[in-house]
Amino acid sequence: MKLPKAPEPFLKPYSSKESEQQILELWEKSGFANPDVCVEKGVTAPDAPSYSIVLPPPNVTGTLHMGHAAMLAVQDILIRYHRMRGDKTLWLPGTDHAAIATQSVVEKDLLKAEKKTRHDLGREEFLKRVEQFAKESHDTIVGQVRAMGASVDWTREAYTLDEARNLAVRTAFKKMYDAGLIYRGNRIVNWDPKMQTTVSDDEIEYVEQKDPFYYFKYGPFIIGTVRPETKFGDKYIVMHPDDARYKEYKDGQQMEVEWINGKIMATIVKDEAADMSFGSGVMTITPAHSGIDFEIAQKHKLDVEQIINERGILLPIAGDFAGQHIKKARPLVLEKLKNKGLLVKVEEGYVHNVALNSRGGETIEPQIKLQWFVDVNKKFTIPRSEIPGIASGSQTTLKELMRRAVDSGAIKIAPDRFERVYYNWIDNLRDWCISRQIWYGHRIPVWYCLNCKQPAIDAEIKSRWFLVRHGETEANLNRITQGHQDTPLTEQGMAQAKSAGEQLKNQDIELIISSDLGRCKQTAEIIARATGAEVVLDAGFRERFMGDGEGLTYEEHEKRFSPFKDYDDKTAGNMETTRELEERVSQAFAKHKKIHGHKNVVIVSHGGSIRWLLKRVKNLTFEQAKIPPVKGNAEVQSLDMLQTPCPKCSNDLFEQDSDTLDTWFSSGIWTFSTLGWPSFAQSAMKGRPGPENDFANYHPTDVLETGYDILFFWVARMILMTGFLLGTVPFRNVYLHGLVRDARGRKMSKSLGNIIDPLTMIEKYGADAARLSLVVGASPGNDVKLSENRVRGYKHFANKVWNISRFVLESGAEGRGTNAEYTQKDSELIAETQNIAKTISEHIDNFRLDLAADAIYHFVWHRFADEIIEGSKLILKSRDAVAVASRRHTLYMILDTSLRLLHPFMPFVTEAIWQQIPDRKSDLLMVAKWPVI
RNA sequence: GCACCUUUAGCUCAGUGGUAGAGCGUUCCGUUCACAUCGGAAAGGCCGUAGGUUCGAUCCCUACAAGGUGCACCA
C-alpha cells in the first residue's frame, strides 16, 4: 500500500495540492474509517473499547463554511487520536434536511428565477425541486468533508430525511404521543405571515426597533401602544390589583367606552401582569396576537378573538378597515383615532424589540393556531432510566430529565460555564411547538379518519390510493359539458398526465383502475408508462351521465339545468342524479378496495366522479361537496389505508396530517437513529461487528462536538429525546467550540463580503494548514479570529515538517536495530519526546486541542528543528561511530514520534512523509500506534 | 432587567500566588548546509481601573469601566 512512487520525492518542497488527493484515495481504499474493517484487518483488537462521535449533520442548504471546517477539524483530531490509541472508533457522517431553512432557500431561488411561489408549483412538484437542490448540496458537502481529510465512515452515512430516519421519527412521535407528551392544541404560536408557518421560540430573533409610541384615551384611562392597528377587539382593561390609583375600579366591572369603531363594552381585569410603573399602569389586551395577553386571557377565562388573519389582513371585526393589511392600516387607524379626539400624545423614538423569523427575516405575528406540541412539564412514568437521580419507573418530566442529565454529571459540558447557560434555558422553556406548515420535512405521522376525523397515530400504512383526474381535453378547453361523450387529450393534457406519472413514479404503484372513457384511459396509459403498473378499466368510474346536457357549454348547461340544484336533481330527464353518481362511483370504489386494498392503487377518473366519491368517503354533506375538491386536470389526491381501521367507526381510509415536523425533532434523535434505532436496537449485540450492532457498540456516543450557538436548538433537544426514548444520555461529553469570525472579529457573512471559503484555503495552503489555523488558539467556547495570513503561516509549518523529515531520513537515520545504545544525551532527548507525547495526550483528553496543537507545533519547530537537528549536524559529521549511531537512531525516534503526534492535527503531510519511510512499522500512519499508552 | 464571557506586546491569543510568554507584524544580521515557506538576534507590556485578602497579586475577592453573548421583558 505505497504511494505511486513519485520521482525523487524528497527533493521538492511539499506540495499539498499534488499529494492530498493521492493520500485521500489511499485512506479511503484502506477502509480504516470503518471500525469493522479495523478489527477485521487486525488494526484494532476485537475487544477494544469503543469510541464514537456522530457528526453534527450539516444542513443541505448549500456549501460548508469555516465553522463546519472547524467542526470537522476538531472531531477528526479526536477520532484519529482514538483510532491510533487502538479504540474501536466510529465517526458517523450525515446531512440534515433542515426543513425550513432549505425550503426557504429554494423558495427564494424560485421567486427570483421564475417569479413563482411554491403554491404555483404544488406540493409534489415543489418537493421535487427541493430534493434536487438538497441532492446537489449534499454532493458538494461530501466533497468538502473529504477535502478536509475527515476520516468519517461513509459506509454508514445517514440523512435526516431518509427511510431509516423516517421510521425512527414516526416511532419516536408515537411513543411520545402515547405517553401523553405530545398533544394537539389551540395555543398561541409564532406565526410567520410570509412563509405561512409556525416557528419555534428558539428560531426567533429579536431586533431592536424605534417606533412612535401612542397614548390613547380609552374611557377614563390612558393606554399606550406601538400598534394601534391591532387594537380593534380590545375590550379588557388590565391593571395591577395593588395599584392605588385605580382602587375604585373592581375586577369584572364593566363600562362603555368610545373606541375606534364606536362604543365598546369593556371589562376591568385585575392582574399582576400589569406593570404599575409603565405608562399609566393600565393596558388593554389583544389575546389572539400576543403571548402575554393570551396567558392573561386564559387565566381569567376571557374571550379571545382573532383580529388579523394568517396573511396579516384585518378581519371583519375591524369594520371599515377589514381587508386591509396591518402595515397599511396603521396610519389610517391612527388618523381616525386622532379625528375622534382619542389620541392623547405621541412619543417618538420608543425603543422596543421586534420578533423576526431568523430564517428569512419576516416579522412574527403571534396567532392562535391548532398545532402539535411537546409538553415539557407534564409528569410521566419513565420505564427505564440510567440517568442518575431518576429511577426507573419513577414519575418525572422532560424538563427534569434534561436538568438531571447534566447536573448529575452524566453529561459534562466543556467549557463548563455553558452548563449554567443550559440551566437558565431550561428554566425558561415552554412547550415546544413541533408542527410546521412547510412542505419539506417529515410529515406528521398522524392520520385522520376520513369518515369521523378520529386521529390515529400509527406508523403502519397498508396501502396508498391515489385519485387522479384525467388530463385536459378539447372540451375542457372550450368549457363544454362532456358527460359520457369524449374528446381526446390536448397536448397540455398529455403533459399533465405525464407530470402526474412523474409524481407517482416512486410510489410503488401496483395497479391503475381507470374509467373506460377515452380521456381517462389515455391518462391512465401515460401514468402506466411511468409507473409500470397494469391498467384495468371500469365503467363504474365514468363521469356523471349528463343526458341531453352533454355537448352544451358550461354556461348553456347552467342556464338550462342548474346541475347541482339538489341531490336528486333530474332536470334533464335522462340525466344521472348526483345521488346516483355518488352511489355508482362509491360502489366501484368499494368493490376494488375489497379486492386490491393491500396494493398501492391509482384511480383515474373524472372531476365530477372524484368529487362525489370524496363526498362519500369523507362523509361530507351535499352542501360541503359543492366545493369541488379537484380543480386542475391530472391533479393527484392521496388517501391512505392503514393496517388498523379506525377504532371509532372502523373505517380504514385516512388522510395524513399535512403539516411537517420541526427539523429539530428528527435532529433530536440523531445520535441513535443513525445507529440502528429502532430497527436493530433490540437485537444489537455489544462486541459484534457490523452496523446492525452499532446501537449496542456505540451508543451513548462519547462526544458531541458543535458550536455553542446551537446548544439549545440541538444539544438540549437531543438530551430531551434520548432521555425520554432510551432513558439514557445521547453523549457523555459536550464540547462546544467557538464561532469562526473574520480577522476583525465580525461574523462572516455574504453581505459583509468577509467570507473565507474553506475550499479556497485548502486549495491555496493545503488541508493541513486550514485545519491547524482553526485549532491553534481556539480555546473551547471562545471565538476564533481567522485571517488568510494565519492559514498561510501553518502552510509554512507543513513545509517545515516535510523538510525535517527529509533531513532526518537522508542523514541515514533508521529504525532498525532497536537495541542501539543511546548516549546519555540521546536518552534524555528520547525521554523529553515521550514527555511531550504525554502532555499532548493529556491536552487532547481534556479537550484542550488548542494547547495540544500549540505544544506539538512548538516542540517540532523550535525544539526538534531549531535545536536538536541543528545540534546533530556536528555529531553526525564526527568520527565517533557510537555517537553517530545513537544520534541517528534518536533522530529517527523523535521523527517517528513527532509524525504520530502530528498526525491527528495534520494528517495529509504526515501520511505523505510516512509513506516515504522505508522501514515504517505500519503501512498507514492513520492506523499507526499512538506513542503513549 | 437577569446572567455569563472578555479585557496581558502593534495584532491574535496562551499562562502562573513569587513582579510575564507564543505566533504574526516591526528592526537588524545571516544563504554552496533539510527548509528564504529559512536561521540568528533585537525592540516592544505599571497583565482594563480602584480597593481588599496575602510576606507577596496579572492570577483570589469586591466594586467600577469598556466590549461582547445569552435569556427575559417590552401595554
Side-chain angles (χ1 to χ4, degrees), chain A residues 10-16 201-202 206 208-209 211 213-216 218 221-228 230-231 234 236-239 273-275 278-286 290-293 296 350-355 415-429 708-709 711-712 738-739 741 743-746 765-766 769 772-773 776-779 781-787 789-790 792-811 848 850-851 854-855 857-858 861-862 865-867 869-870 872-874 876-877 891:
Chain A
F10 271 93
L11 290 184
K12 284 193 291 182
Y14 177 64
S15 160
S16 56
D201 293 345
D202 294 311
Y206 290 93
E208 231 175 49
Q209 196 170 301
D211 279 305
F213 192 78
Y214 308 101
Y215 289 94
F216 299 109
Y218 188 88
F221 307 106
I222 304 289
I223 59 159
T225 183
V226 177
R227 307 188 56 191
T230 64
K231 298 253 146 221
D234 286 19
Y236 296 105
I237 309 160
V238 183
M239 56 193 66
D275 181 351
F278 191 94
S280 61
V282 174
M283 63 177 175
T284 61
I285 56 170
T286 314
S290 152
I292 277 281
D293 292 3
I296 296 173
Y350 172 71
V351 180
H352 63 137
N353 289 330
V354 177
D416 59 6
R417 64 188 155 91
F418 282 102
E419 293 189 0
R420 267 166 295 172
V421 179
Y422 174 80
Y423 297 136
N424 182 263
W425 180 80
I426 293 178
D427 290 341
N428 290 306
L429 186 62
Y708 62 76
D709 53 331
L711 177 65
F712 308 137
L739 307 183
R741 298 174 176 274
R744 294 186 0 213
R746 298 172 306 177
Y765 307 109
L772 268 185
S773 71
V776 180
S779 52
N782 292 325
D783 294 352
V784 191
K785 292 186 184 123
L786 185 75
S787 63
N789 227 2
R790 250 175 85 97
R792 189 181 301 123
Y794 292 109
K795 184 198 170 178
H796 298 172
F797 180 59
N799 186 62
K800 189 75 185 178
V801 175
W802 179 264
N803 282 307
I804 287 168
S805 312
R806 189 163 130 186
F807 174 82
V808 172
L809 293 173
E810 284 173 359
S811 69
R848 289 305 304 264
D850 55 321
L851 297 183
D854 198 58
Y857 178 96
H858 203 256
W861 199 320
H862 300 297
D866 291 350
E867 293 169 9
I869 287 183
E870 286 308 321
S872 299
K873 286 176 182 170
L874 266 180
L876 291 175
K877 276 184 204 148
L891 286 176

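Every chain is numbered from 1 and lettered A, B, ... according to where its sequence line falls, protein lines coming before strand lines.
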Where the side chain of [X] is concerned, which of [options] is the nearest nucleotide?
X	options	value
A/Trp861	B/C4, B/G39, B/A34	B/G39
A/Val421	B/C5, B/G70, B/A34	B/G70
A/His796	B/A72, B/U37, B/C4	B/U37

Tell me which nucleotide, if any, is Watson-Crick or G-U wobble paired with [N] when both distances must be under 3.5 Å.
N	result
B/C28	B/G40
B/A20	none
B/U53	none

Tell me what [X] touches on the nucleic acid: a base, only sugar-phosphate, or nothing, going by heavy atoms under 4.0 Å.
X	result
A/Lys785	sugar-phosphate
A/Asn782	sugar-phosphate
A/Leu851	sugar-phosphate
A/Ala865	base
A/Ile285	nothing
A/Arg741	nothing
A/Asp854	nothing
A/Asn353	base
A/Ser280	nothing
A/Tyr765	nothing
A/Tyr350	sugar-phosphate

A/Asn789 vs B/C11: side-chain N/O to OP1/OP2 distance below 4.0 Å: no

Under 4.0 angstrom between A/Lys877 side-chain N/O and B/C33 OP1 or OP2: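 For A/Lys877, the contact criterion (side-chain N or O under 4.0 Å from OP1 or OP2 of B/C33) is not met.
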
Rounded to whole Å, how long is the line connecting atom [atom1] of [X] with atom [atom2] of [N]?
X	N	atom1	atom2	answer
A/Arg790	B/G23	CZ	C1'	9 Å
A/Leu711	B/C4	CG	C1'	13 Å
A/Tyr857	B/C13	OH	P	17 Å
A/Tyr708	B/C71	OH	P	12 Å
A/Phe807	B/G39	CZ	P	14 Å
A/Leu809	B/A34	CG	P	13 Å
A/Glu867	B/C38	CD	C1'	16 Å

A/Tyr794 ring center within less than 6.0 Å of A/His796 ring center: no

Pairwise P distance for B/C59 and B/U53, with rounding to whole Å: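 These two P atoms come out 15 Å apart once rounded.
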
Base B/C33 paired with A/Lys873 side chain (donor-acceptor, <3.5 Å):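 Such a pair does not exist between side chain and base.
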
Nearest-0.5 Å distance that lies between atom OG in A/Ser805 and atom CD in A/Glu810: 10.5 Å

OG1-OH distance between A/Thr225 and A/Tyr218, expressed to the nearest 0.5 angstrom: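 It comes to 12.5 Å.
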
5' precedence on RNA chain B between A/Ile869 and A/Tyr794 (nearest-nucleotide basis):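 Looking at RNA chain B, the more 5' nearest nucleotide goes with A/Tyr794.
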
Nearest-nucleotide comparison on RNA chain B, the residue closer to the 5′ end among A/His862 and A/Gly281: A/His862

Distance-only side-chain donor-acceptor flag, A/Tyr708 / A/Asp783, under 3.5 Å: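 There is such a pair between these side chains.
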
